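Model, not experiment: these values are computed from the prediction.
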Amino acid sequence: MDEAAATAAAHNGSTGAGAPTATRPPATPEGMALAYGSLVLMALLPIFFGALRSVSCAKSKNSSEMPETITSRDAARFPIVASCTLLGLYLFFKIFSQEYINLLLSMYFFVLGILALSHTISPMMNRFFPANFPNKQYQLLFTQGSGDNKEEIVNYEFDTKDLVCLALSSIVGVWYLLRKHWIANNLFGLAFSLNGVELLHLNNVSTGCILLGGLFIYDVFWVKGS
């Protein structure tokens, strides 16, 4: 009789003390296919569209306006800098309180996520604006020095459409900050990845191989090894 009651309690998801236990729903072939398919899709889409936007951006700019490219030395140095940053973040967690660090990281991803998502959706949102939309031009300029020694630190031009995209991205940012929802988190992750591929300019194929090889070792050591 006791064995039958224990079996019934386990089947109903409760223990002998009456406290419910968290049970994970069984995995189905359809669910596994959907999960792995989503992972593959989210990995390939930023690469494809980021590369497409990078080529389009390069064609629309003059040779003097092209951004700096990553050299082989920069590519070899990148995993070392990333390792030092990750190690510093680990020591930071050991020294300071976890609540303050989580708040700092949340604000960090909140600000950068809004900027990255706004830059990502800006070309798509431009198609939805009407032709008579009052689009005004703005310029954010920071300089250092004066006279002939004046040097531009920040020179960013934007318009009203960019401000609308920034406002829409801020809604997602507030949603992420308050709820930490996985959809908002994935939107920021996709925006980071797409912008990274778009803005990453390599001078030749060997530089890309050095960068990918170094990041492979970095990933194996810091993720698998530790």
Q: Step by step, work out the side-chain hydrogen bond (donor to acceptor under 3.5 Å, both in side chains) result for Asn195 and Thr120.
A: CA-CA 7 Å; Asn195 281 276; Thr120 301; 2.8 Å; yes
**Q.** Verdict with reasoning, Phe133 to Val164, per side chain to side chain contact (heavy atoms under 4.5 Å, CB included)
**A.** CA-CA 12 Å; Phe133 182 81; Val164 174; 4.3 Å; yes
(Q) If you apply the rule side chain to side chain contact (heavy atoms under 4.5 Å, CB included), what do you find for Leu211 with Leu200, and how did you get there? (A) CA-CA 11 Å; Leu211 180 62; Leu200 190 66; 4.0 Å; yes
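Between Phe188 and Tyr176, the ring center distance clears the sub-6.0 Å criterion.
Ring pair Phe158/Tyr138 is parallel by interplanar angle, where below 30° counts as parallel and above 60° as perpendicular.
The number of heavy atoms from other shown groups lying within 6.0 Å of CD (Gln98) does not exceed 12. Around CZ of Phe129, the count of heavy atoms belonging to other residues, nucleotides or ligands within 6.0 Å exceeds 12. Residue Phe109 places its CZ atom among 12 or fewer non-hydrogen atoms of other residues, nucleotides or ligands, all under 6.0 Å distant. Summarising the local packing, NZ of Lys180 is surrounded by more than 12 heavy atoms from other residues, nucleotides or ligands at distances under 6.0 Å.
Both Trp182 and Phe192 sit in one connected hydrophobic cluster of ILVMFWY residues. Membership requires side-chain heavy atoms under 4.5 Å apart, directly or through other members. Side-chain heavy atoms closer than 4.5 Å link hydrophobic residues (I, L, V, M, F, W, Y) into clusters, and following such links, possibly through other members, connects Val172 to Met124. Hydrophobic clustering of Ile, Leu, Val, Met, Phe, Trp and Tyr side chains at less than 4.5 Å, counting indirect connections, keeps Phe93 apart from Trp222. In the hydrophobic clustering of ILVMFWY residues, with side-chain heavy atoms under 4.5 Å counting as a link, Ile47 and Val205 come out apart. Taking hydrophobic clusters as Ile, Leu, Val, Met, Phe, Trp and Tyr residues chained together by side-chain heavy-atom distances below 4.5 Å, Leu86 shares a cluster with Phe221.
Here the NZ-CD distance, from Lys161 to Gln137, works out to 9.5 Å after rounding to the nearest 0.5 Å. Here Leu166 contributes atom CG and Leu115 contributes atom CG; the two are 6.5 Å apart, rounded to the nearest 0.5 Å. With rounding to the nearest 0.5 angstrom, the CD1 atom of Ile101 is 11.5 Å from the OG atom of Ser106. Leu190 CG to Leu45 CG: the interatomic distance, rounded to the nearest 0.5 Å, is 7.5 Å. Interatomic distance, CG of Asp74 versus CD1 of Ile210, reported as 10.5 Å (0.5 Å rounding). Taking CD1 of Ile95 as the start and OH of Tyr90 as the end, the distance is 11.0 Å to the nearest 0.5 Å.
Scanning both residues, Gly50 and Val197, for their nearest heavy atoms gives C-CG1, 3.7 Å. For the pair Ala75 and Pro79, the tightest heavy-atom approach, listed with the atom from each and the gap, is O-CD, 3.1 Å. The minimum heavy-atom distance linking Tyr218 with Ser83 is given by the pair CD1-OG, 3.3 Å. Summarising the geometry of Leu168 relative to Met125, their closest heavy-atom pair is CD1-CE, 3.6 Å, with the distance given to 0.1 Å. When all heavy atoms are compared, the tightest approach of Pro46 to Met42 is CD-O, 2.9 Å. Nearest heavy atoms, Ser169 versus Leu117: OG-C, 3.5 Å.
For Phe49, there are no ring pair (Phe, Tyr, Trp, His ring centres under 6.0 Å) partners two or more places apart in sequence or in a different chain.
Side-chain N or O atoms of Ser118 include none that pairs as donor or acceptor with a backbone N or O of Ile114 at under 3.5 Å. In this structure a side-chain-to-backbone donor-acceptor pair under 3.5 Å is present from Thr160 to Lys136.
Counted by atom type alone, Ser122 and Asp162 present one or more donor-acceptor pairs between their side chains at under 3.5 Å.
Counting only heavy atoms from C-beta outward, the side chains of Leu177 and Met107 approach each other to under 4.5 Å. Using a 4.5 Å heavy-atom threshold, the side chains of Asn185 and Trp175 count as separate.
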